[in-house]
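Below: the structure, in structure tokens.
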Amino acid sequence: MSGSISAMEEEYDILGVYVLGLVTAFGGGLIRNVLIGASPLMLWQHNSLLITAAIAISVVYFVPDLWFRHMRKWVFFDAVGLSAFAIQGALYAAQQNLPLPAVVMAALLTGSGGGIIRDLLARRKPLIFREEVYGVWAMLGGLAIGLGFGREGWQLYALFGVILGLRMLSVHFNWRLPRRKFHLSRVGEPTKRALKNF
């Protein structure tokens, strides 16, 4: 849905709306599979998920009022998706006996990689790097699984609830990561010359 909305905001045609919507939904999993050596073709084994994504895109495109009137409620489902995908990506990497950094990155990419691709295709700076903090929650989930948490069913449910809760809290309280801007005009001439020659 977020990919479809981004495409409509950029005045893409209906093909662009569907492509951006599908890329947002499945792009993170595809990137993860490529990086950990799994087959990207696994995507085509999930027909029910493809159909679900297509229905969601159609709702956004053909019945936009139904979406926009209840947008704040849908944030909850976005948080559910982030939590579920991050855990699924981390578990998949852990099952391949990959090192801890790979498990953390798998969680991050599965949970938010689609959003990064969405923003790039919409010619925007990725939200995850400038406004949203949800990537941190995905990485924390990956870290927990990489350290051995989640071997029991109740642990996975607990982790799911923690990521979900942190995502909702960050939206409610508008949490942001620290940022620092760099302006070349604020540095001295020696530093400017060094940067130009770098």
Side-chain angles (χ1 to χ4, degrees), residues 1-3 21-53 55-56 72-120 126-178:
M1 284 182 158
S2 66
L22 290 171
V23 164
T24 304
F26 299 103
L30 289 173
I31 294 174
R32 176 207 64 209
N33 284 1
V34 170
L35 290 180
I36 68 175
S39 174
L41 299 178
M42 292 175 61
L43 165 65
W44 307 115
Q45 300 173 8
H46 302 287
N47 290 334
S48 61
L49 298 180
L50 289 166
I51 293 171
T52 302
I55 291 172
R72 297 191 68 86
K73 296 179 182 178
W74 286 102
V75 172
F76 173 78
F77 294 102
D78 177 70
V80 168
L82 170 71
S83 183
F85 282 133
I87 290 173
Q88 186 263 350
L91 285 173
Y92 193 84
Q95 289 169 359
Q96 307 299 315
N97 296 317
L98 296 176
L100 180 60
V103 176
V104 173
M105 286 304 298
L108 173 64
L109 291 173
T110 310
S112 56
I116 295 173
I117 299 174
R118 172 202 65 208
D119 292 336
L120 293 176
L127 287 172
I128 189 175
F129 298 138
R130 61 188 179 91
E131 291 185 13
E132 297 285 356
V133 71
Y134 61 86
V136 174
W137 311 138
M139 294 176 71
L140 286 177
L143 179 64
I145 289 175
L147 292 175
F149 189 82
R151 293 175 182 170
E152 302 290 337
W154 70 267
Q155 293 178 337
L156 290 177
Y157 285 115
L159 185 59
F160 176 87
V162 169
I163 298 173
L164 174 64
L166 288 171
R167 169 63 172 148
M168 294 303 295
L169 286 172
S170 64
V171 171
H172 181 74
F173 292 106
N174 200 31
W175 288 343
R176 298 287 185 267
L177 292 174

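For the numbers below, each heavy atom of this structure counts, side chains included, while hydrogens, waters and symmetry mates do not.
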I need the [X] [atom1] to [Y] [atom2] distance, nearest 0.5 Å.
{"X": "Leu82", "Y": "Ile87", "atom1": "CG", "atom2": "CD1", "answer": "9.0 Å"}
{"X": "Thr110", "Y": "Leu35", "atom1": "OG1", "atom2": "CG", "answer": "9.5 Å"}
{"X": "Leu50", "Y": "Phe26", "atom1": "CG", "atom2": "CZ", "answer": "4.0 Å"}
{"X": "Leu127", "Y": "Ser112", "atom1": "CG", "atom2": "OG", "answer": "11.0 Å"}
{"X": "Asn33", "Y": "Tyr92", "atom1": "CG", "atom2": "OH", "answer": "5.5 Å"}

Under the side-chain hydrogen bond (donor to acceptor under 3.5 Å, both in side chains) definition, can you give me all pairs with a residue in residues 80-90, not counting sequence neighbours?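 Output for this query lists Arg32-Gln88.
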Closest heavy-atom pair and its distance - [X], [Y]:
{"X": "Ala53", "Y": "Ala25", "value": "CB-CB, 4.3 Å"}
{"X": "Ile116", "Y": "Pro126", "value": "CG2-CG, 4.3 Å"}
{"X": "Ala138", "Y": "Leu108", "value": "CB-CA, 4.1 Å"}
{"X": "Gly142", "Y": "Ala107", "value": "CA-CB, 3.6 Å"}
{"X": "Ala94", "Y": "Ile145", "value": "CB-CG2, 4.2 Å"}
{"X": "Gly111", "Y": "Phe85", "value": "CA-CB, 4.0 Å"}

Any residue meeting side chain to side chain contact (heavy atoms under 4.5 Å, CB included) with Leu169, in chain and number order, not counting sequence neighbours: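 Result, side chain to side chain contact (heavy atoms under 4.5 Å, CB included) vs Leu169: Phe173, Trp175.
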Sequence-distant partners of Leu98, side chain to side chain contact (heavy atoms under 4.5 Å, CB included), two or more places apart: Ile36, Ala93, Gln96, Ala102
Per-pair distances, 0.1 Å, donor-acceptor, side chain in residues 152-167, under 3.5 Å, sequence neighbours excluded:
from: Gln155; atom 1: OE1; to: Gly150; atom 2: N; distance (Å): 2.9
from: Gln155; atom 1: OE1; to: Arg151; atom 2: N; distance (Å): 3.0
from: Gln155; atom 1: OE1; to: Glu152; atom 2: N; distance (Å): 3.2
from: Arg167; atom 1: NH1; to: Glu132; atom 2: OE1; distance (Å): 3.0
from: Arg167; atom 1: NH2; to: Asp78; atom 2: OD2; distance (Å): 2.9

Partners passing side-chain hydrogen bond (donor to acceptor under 3.5 Å, both in side chains) against Arg118 (at least two apart in sequence or in another chain):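 By the side-chain hydrogen bond (donor to acceptor under 3.5 Å, both in side chains) rule, Arg118 matches Ser2.
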Residues which pass side-chain hydrogen bond (donor to acceptor under 3.5 Å, both in side chains) with Asn97, listed by chain and number, not counting sequence neighbours: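 Residues passing side-chain hydrogen bond (donor to acceptor under 3.5 Å, both in side chains) with Asn97: none at all.
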Apply side chain to side chain contact (heavy atoms under 4.5 Å, CB included) to Leu143 and Leu100, showing your working. CA-CA 7 Å; Leu143 179 64; Leu100 180 60; 3.9 Å; yes
Leu30 vs Ile117, side chain to side chain contact (heavy atoms under 4.5 Å, CB included): CA-CA, chis, key distance, verdict: CA-CA 11 Å; Leu30 289 173; Ile117 299 174; over 6 Å; no
